Amino acid sequence: MIVQIYTMQSVEEALQVAAFGVDHLGLTPSQIGLPGEIDFWTAREIVEAVGGTALCVALTVETEEKEIIRMARAVQPDILHLCSLENTFLPDDVRRLRDKLPDLPIMQAISMTGPEALDTARAYQRVADYLILDTQAPDIAGIGASGQTHDWDISREIVQEVNLPVILAGGLSPENVAQAIADVQPWGVDSLTHTNQALPEGGFMKDLSKIAAFVEAAKGAS
């Protein structure tokens with residue numbers, strides 16, 4: 001079972017999280033107020049420091065191709081995670097992007113709004129390397145970071161239907177990840193909100209004890 005944890009905000013934090021056996025480290029290189037965002041230089045430092053210990057996944061909510069390419073070339077992640085709002089970066093847009101970044105695997109977010117997500121997943125499976133099934137938050141400019149679960153029955157249908165590795169996200173925690181794996185049978189699981197520790201001044205850092213528990217539950221359930 002692949003475990004993906006968002007979002008790393010420093011080299012030290014990334015190395016600590018990787019040491020728990022996390023497979024994918026999520027980065028948010030941005031300057032628009034996304035949760036846990038970091039600048040491009042810090043993201044690149046993390047990618048270099050982690051090396052082959054884990055794969056670094058860089059998230060973007062951008063819909064302008066040139067801005068996505070600028071970030072990808074600056075950060076040089078192992079995987080590019082596209083999670084702009086639903087219907088703002090379509091499969092044909094992803095296809096054109098792939099032509100310009102041919103060596104960079106793409107993880108496409110699918111907004112789990114209801115049964116129509118299955119059709120969306122089918123459309124993107126032709127142009128992506130991975131799908132991530134996530135819950136859209138009303139106050140965030142992209143798919144994810146809601147801290148809320150969605151209908152896992154629909155997620156399971158997608159896992160069974162598409163021919164790509166599927167990561168389940170949205171409200172997963174050390175307490176529910178084993179049940180989520182049993183119900184959905186995904187290739188991987190992702191956590192952001194429920195492996196955070198809130199800071200008094202605002203923002204968050206990763207909670208290492210919660211990450212350890214999440215990894216243990218996920219790997220044990222697979």
Side-chain angles (χ1 to χ4, degrees), residues 1-8 13-28 36 43 46-47 49-60 75-83 103-112 117 121 124-125 127-135 143-147 149-150 152 154-196 206-222:
M1 180 59 55
I2 295 298
V3 173
Q4 177 170 288
I5 299 291
Y6 266 95
T7 179
M8 307 301 110
E13 186 172 66
L15 293 175
Q16 288 175 324
V17 171
F20 287 110
V22 172
D23 305 284
H24 291 180
L25 302 179
L27 312 176
T28 305
I46 292 172
V47 172
V50 170
T53 307
L55 297 182
C56 288
V57 183
L59 173 156
T60 180
V75 175
Q76 298 179 44
D78 299 294
I79 299 170
L80 176 63
H81 178 176
L82 302 177
C83 63
D103 299 321
L104 183 57
I106 289 176
M107 179 182 294
Q108 175 64 49
I110 305 297
S111 183
M112 298 302 294
Y124 279 103
Q125 75 168 331
V127 294
D129 299 283
Y130 309 86
L131 298 181
I132 180 167
L133 313 182
D134 213 338
T135 312
I143 299 169
S146 69
T149 58
H150 51 258
W152 289 343
I154 299 171
S155 297
R156 184 179 178 88
E157 284 189 67
I158 292 174
V159 168
Q160 292 172 338
E161 178 81 17
V162 303
N163 296 313
L164 289 180
V166 176
I167 294 178
L168 180 67
L172 299 186
S173 68
E175 292 74 31
N176 69 5
V177 67
Q179 188 61 56
I181 291 169
D183 288 357
V184 178
Q185 295 293 302
W187 177 78
V189 287
D190 168 278
S191 176
L192 167 59
T193 306
H194 295 291
T195 48
N196 286 344
K206 297 314 295 183
D207 187 316
L208 298 182
S209 64
K210 290 179 181 177
I211 291 171
F214 187 90
V215 171
E216 181 179 9
K219 300 285 188 181
S222 60

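Here the structure is a predicted model, which is why all the values come from computation and not from measurement. For the numbers below, each heavy atom of this structure counts, side chains included, while hydrogens, waters and symmetry mates do not.
- Here the NE2 atom belonging to His81 is positioned 11.5 Å from the CG atom belonging to Leu27, to the nearest 0.5 angstrom.
- To the nearest 0.5 Å, atom CD1 of residue Ile110 and atom CD of residue Gln125 are 10.0 Å apart.
- For Asp78, there are no side-chain hydrogen bond (donor to acceptor under 3.5 Å, both in side chains) partners at least two apart in sequence or on another chain.
- To the nearest 0.5 angstrom, Ile143 atom CD1 is 9.5 Å from Leu82 atom CG.
- With contacts defined as side-chain heavy-atom distances shorter than 4.5 Å, the pair Lys210/His194 does not qualify.
- Rounding to the nearest 0.5 Å places CZ of Phe214 at 9.5 Å from CD of Gln4.
- No side-chain heavy atom of Ile79 sits under 4.5 Å from any side-chain heavy atom of Ile106.
- His24 and Tyr130 have perpendicular rings, their planes meeting at more than 60° on a 0 to 90° scale where under 30° would count as parallel.
- The two residues Ala14 and Met8 come nearest to each other via the heavy atoms CA-SD, 3.7 Å.
- The structure places CD of Glu13 at 11.0 Å from CD1 of Ile5, a figure rounded to the nearest 0.5 Å.
- Summarising the geometry of Phe20 relative to Ile211, their closest heavy-atom pair is CD1-CG2, 4.1 Å, with the distance given to 0.1 Å.
- Counting heavy-atom neighbours within 6.0 Å of Glu216 CD, excluding the residue itself, gives a total of 12 or less.
- Listed here is the closest heavy atom pair of Ala49 and Leu15: O-CD2, 3.9 Å.
- Nearest approach of Ser191 to Lys206, heavy atoms of both residues: O-NZ, 4.4 Å.
- The one candidate from Leu80, Thr60, Val47 that meets the side chain to side chain contact (heavy atoms under 4.5 Å, CB included) condition with Val75 is Val47.
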- Message: Does Gln108 form a side-chain contact (heavy atoms from CB on, under 4.5 Å) with Val127? I'd like the steps, not just the answer.
- Response: CA-CA 9 Å; Gln108 175 64 49; Val127 294; over 6 Å; no
Kindly list each side-chain donor-acceptor pair under 3.5 angstrom involving residues 163-179, sequence neighbours excluded, with atom names and distances?
| residue | atom | partner | partner atom | Å |
| --- | --- | --- | --- | --- |
| Ser173 | OG | Glu175 | N | 3.2 |
| Ser173 | OG | Glu175 | OE1 | 3.2 |
| Ser173 | OG | Asn176 | N | 3.3 |
| Ser173 | OG | Asn176 | OD1 | 3.3 |
| Asn176 | OD1 | Ser173 | N | 2.7 |
| Asn176 | ND2 | Gly171 | O | 3.0 |
| Gln179 | NE2 | Asp183 | OD1 | 2.8 |

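- Ala54 and Val22 make their closest contact through CB-O, 3.6 Å (heavy atoms, listed as atom of the first residue, atom of the second, distance).
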- List the steps and the verdict of side-chain contact (heavy atoms from CB on, under 4.5 Å) for Tyr124 and Val162. CA-CA 10 Å; Tyr124 279 103; Val162 303; over 6 Å; no
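- When atom types are taken as modelled, the side chain of Asp207 and the backbone of Thr195 share no donor-acceptor pair closer than 3.5 angstrom.
- When all heavy atoms of Pro77 and Leu104 are compared, the closest pair comes out as O-CD1, 3.3 Å.
- Distance check: Asp190 CG to Ile2 CD1 gives 12.5 Å after rounding to the nearest 0.5 Å.
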